[in-house]
Amino acid sequence: MSPTSNPDSPVSAEIAAPYGSGAAARSAAIGGVPATAAKVRTHHLLAAKQAGQKFAMLTAYDQYTAQIFDEAGIEVLLVGDSASNNVLGNETSLPITLDEMIIFSRAVTAGAKRALVVADLPFGSYEQSPEQAIASSVRLMKEGLVHAVKMEGGAYYAPTVRALTQAGVPVMAHIGFTPQSEHMLGGYRVQGRGEMAQTMIDDAVALVEAGAFCVLMEMVPADTAAAVEAAVSVPTIGIGAGNSTTGQVLVWQDMAGLRTGKMAKFVKQYAQMRTILADAAREYGEEVRSGVFPGPEHTF
């Protein structure tokens with residue numbers, strides 16, 4: 001019997017919301033998630049790992065990209081604090097505020113109907129205490145309507161993860177290179193080499209034991225990431241961490257070629273959206289200036 005056909009299984013078919021719900025969700029099969037799942041849940045990601053399947057995650061910061069990626073079958077959408085760099089134009093992720101993250105989160109959850117939506121806890125919103133982390137996460141879930149939060153940091157934050165999960169907040173842990181700590185780490189550097197590989201494994205185990213449903217690893221040697229994947233029972237997600245992780249994530253502007261300049265080694269571009277948008281804008285401008293647009297067909 002498959003996990004999705006066993007009524008006692010944690011990944012059995014989800015029943016309709018007993019207390020009512022909003023707009024009906026689509027039920028088409030996406031990736032490794034069963035068609036009976038109206039929404040992607042954390043246990044579906046676990047089931048993917050257990051079945052030897054993989055899933056994809058992309059960042060999203062607005063309703064249109066969220067809707068597009070959702071309909072394309074991306075299982076997880078991350079409202080990343082990378083919006084600081086990729087939307088607000090800051091040099092790092094540090095300046096973005098919790099209030100701004102809530103606005104981006106609300107936009108993404110408005111566009112995504114099936115994907116699991118995870119939001120970053122931004123710098124300064126969780127470090128002081130588990131109580132601060134809970135208060136910030138509750139705002140992301142109540143106001144931003146996200147389904148889970150992502151938090152940077154190693155075993156030191158295991159008590160915070162435990163407090164969050166006990167409060168009903170699903171937590172995705174983030175280890176390896178943690179952008180919020182870039183000044184302490186001395187810039188963008190690969191983490192988990194040599195003797196530090198065991199430290200990374202220990203961090204992942206501690207965070208999972210505290211209740212994290214997933215571990216994201218950024219800029220980690222492939223062999224270290226594989227060792228972490230093998231050491232924990234939950235799925236892992238990689239970005240610059242090789243191909244052994246259960247999932248992969250990219251910033252969508254990198255993936256789609258909206259951002260130019262030197263790309264990180266782990267980035268693959270699947271389109272050149274900057275060129276497409278520039279060509280469209282150029283043609284629009286030329287038609288406006290020449291009087292071609294608006295034509296009779298665009299006029300009341």
Side-chain angles (χ1 to χ4, degrees), residues 14 22-23 25-33 37-48 53-88 93 96 98 100-122 137 139-152 169-174 179 212-218 234-239 245-256 258-259 267-268 270-271 273:
E14 185 174 348
R26 295 181 302 278
S27 60
I30 295 180
V33 177
K39 290 182 179 294
V40 178
R41 303 290 191 179
T42 58
H43 59 72
H44 293 127
L45 307 185
L46 176 61
Q53 298 174 332
K54 294 181 179 288
F55 60 85
M57 178 164 79
L58 281 173
T59 63
Y61 315 106
D62 67 273
Q63 64 162 330
Y64 290 119
T65 53
Q67 184 181 43
I68 291 168
F69 300 156
D70 189 61
E71 293 176 351
I74 301 301
E75 290 90 348
V76 188
L77 297 181
L78 173 64
V79 187
D81 58 0
S82 50
S84 179
N85 316 58
N86 292 287
V87 181
L88 299 180
S93 64
I96 198 167
L98 179 61
E100 290 168 333
M101 286 296 301
I102 289 169
I103 292 171
F104 288 123
S105 297
R106 192 62 175 259
V108 170
T109 53
K113 302 304 179 186
R114 192 162 189 267
L116 181 76
V117 180
V118 182
D120 270 325
L121 282 169
S137 299
R139 288 197 65 199
L140 281 168
M141 296 186 76
K142 285 180 67 69
E143 300 174 46
L145 303 181
V146 301
H147 312 129
V149 301
K150 180 168 73 65
M151 189 178 72
E152 296 184 10
V169 179
V171 180
M172 177 182 289
H174 181 160
F213 73 87
C214 187
V215 177
L216 185 147
M217 292 177 281
E218 182 170 355
V234 303
T236 62
I237 298 174
I239 177 166
T245 56
T246 311
Q248 295 289 333
V249 61
L250 284 175
V251 171
W252 87 259
Q253 289 94 336
D254 293 345
M255 179 277 299
L258 187 64
R259 187 171 72 85
V267 171
K268 179 177 180 178
Y270 291 82
M273 290 300 299

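Just so it is clear, the model here is predicted, and its values are computed rather than measured.
- The structure places CD1 of I237 at 8.0 Å from OG1 of T246, a figure rounded to the nearest 0.5 Å.
- Qualifying salt bridge (Lys or Arg N to Asp or Glu O under 4.0 Å) partners for R106, counting only residues two or more places apart in sequence or in other chains: none.
- For the residue pair D62 / T65, a side-chain donor-acceptor distance below 3.5 Å is found, with atom types taken as modelled.
- Side-chain atoms of N86 come within 3.5 Å of backbone N or O of S82 as a donor-acceptor pair.
- Partners of D120 under the salt bridge (Lys or Arg N to Asp or Glu O under 4.0 Å) rule, at least two apart in sequence or in another chain, are K150.
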### Task
Applying side chain to side chain contact (heavy atoms under 4.5 Å, CB included), run through F104 and L88 and close with a yes or a no.
CA-CA 11 Å; F104 288 123; L88 299 180; 4.0 Å; yes
### Task
Go through the steps for L116 and F213 under the test side chain to side chain contact (heavy atoms under 4.5 Å, CB included), then give the verdict.
CA-CA 12 Å; L116 181 76; F213 73 87; 4.3 Å; yes
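- Between atom CE of residue M255 and atom CE of residue M273 there is a gap of 9.5 Å, rounded to the nearest 0.5 Å.
- When all heavy atoms are compared, the tightest approach of E152 to P179 is OE2-CD, 3.3 Å.
- Counting only heavy atoms from C-beta outward, the side chains of Y61 and V251 approach each other to under 4.5 Å.
- Residues satisfying the side chain to side chain contact (heavy atoms under 4.5 Å, CB included) criterion with A119, sequence neighbours excluded, are V79, S105, L140, V146.
- V118 has its side chain within reach of V76: a pair of non-hydrogen atoms, C-beta onward, lies under 4.5 Å apart.
- In terms of heavy atoms, A60 sits closest to V108 at O-CG2, 3.3 Å.
- The backbone N or O of A56 sits less than 3.5 Å from a side-chain atom of E75, completing a donor-acceptor pair.
- The backbone N or O of P122 lies less than 3.5 Å from no partner atom in the side chain of S93, so there is not a single donor-acceptor pair.
- A side chain to side chain contact (heavy atoms under 4.5 Å, CB included) with L121 is found for exactly one of V149, D81, V169, namely V149.
- The two residues I96 and A83 come nearest to each other via the heavy atoms CD1-CB, 3.9 Å.
- At least one side-chain heavy atom of M57 sits under 4.5 Å from a side-chain heavy atom of M172.
- Atom CE of M151 sits about 11.5 Å away from atom NE2 of H174, to the nearest 0.5 Å.
- To the nearest 0.5 Å, atoms NZ (K39) and CG (D70) are separated by 8.0 Å.
- With K113 contributing its side chain and Q67 its backbone, the two residues share no donor-acceptor pair below 3.5 Å.
- The CD atom of E71 sits 12.0 Å away from the CZ atom of R114 when rounded to the nearest 0.5 Å.
- Although no hydrogens or angles enter the test, the distance criterion places no donor-acceptor pair under 3.5 Å between the side chain of T59 and the main chain of L78.
- The two atoms that bring A115 and L77 nearest to each other are CB-CG, 3.9 Å, heavy atoms only.
- We find the CE-CD1 distance between M141 and I102 to be 12.5 Å, quoted to the nearest 0.5 Å.
- Residues V234 and A212 come closest through the heavy atom pair CG1-O, 3.7 Å.
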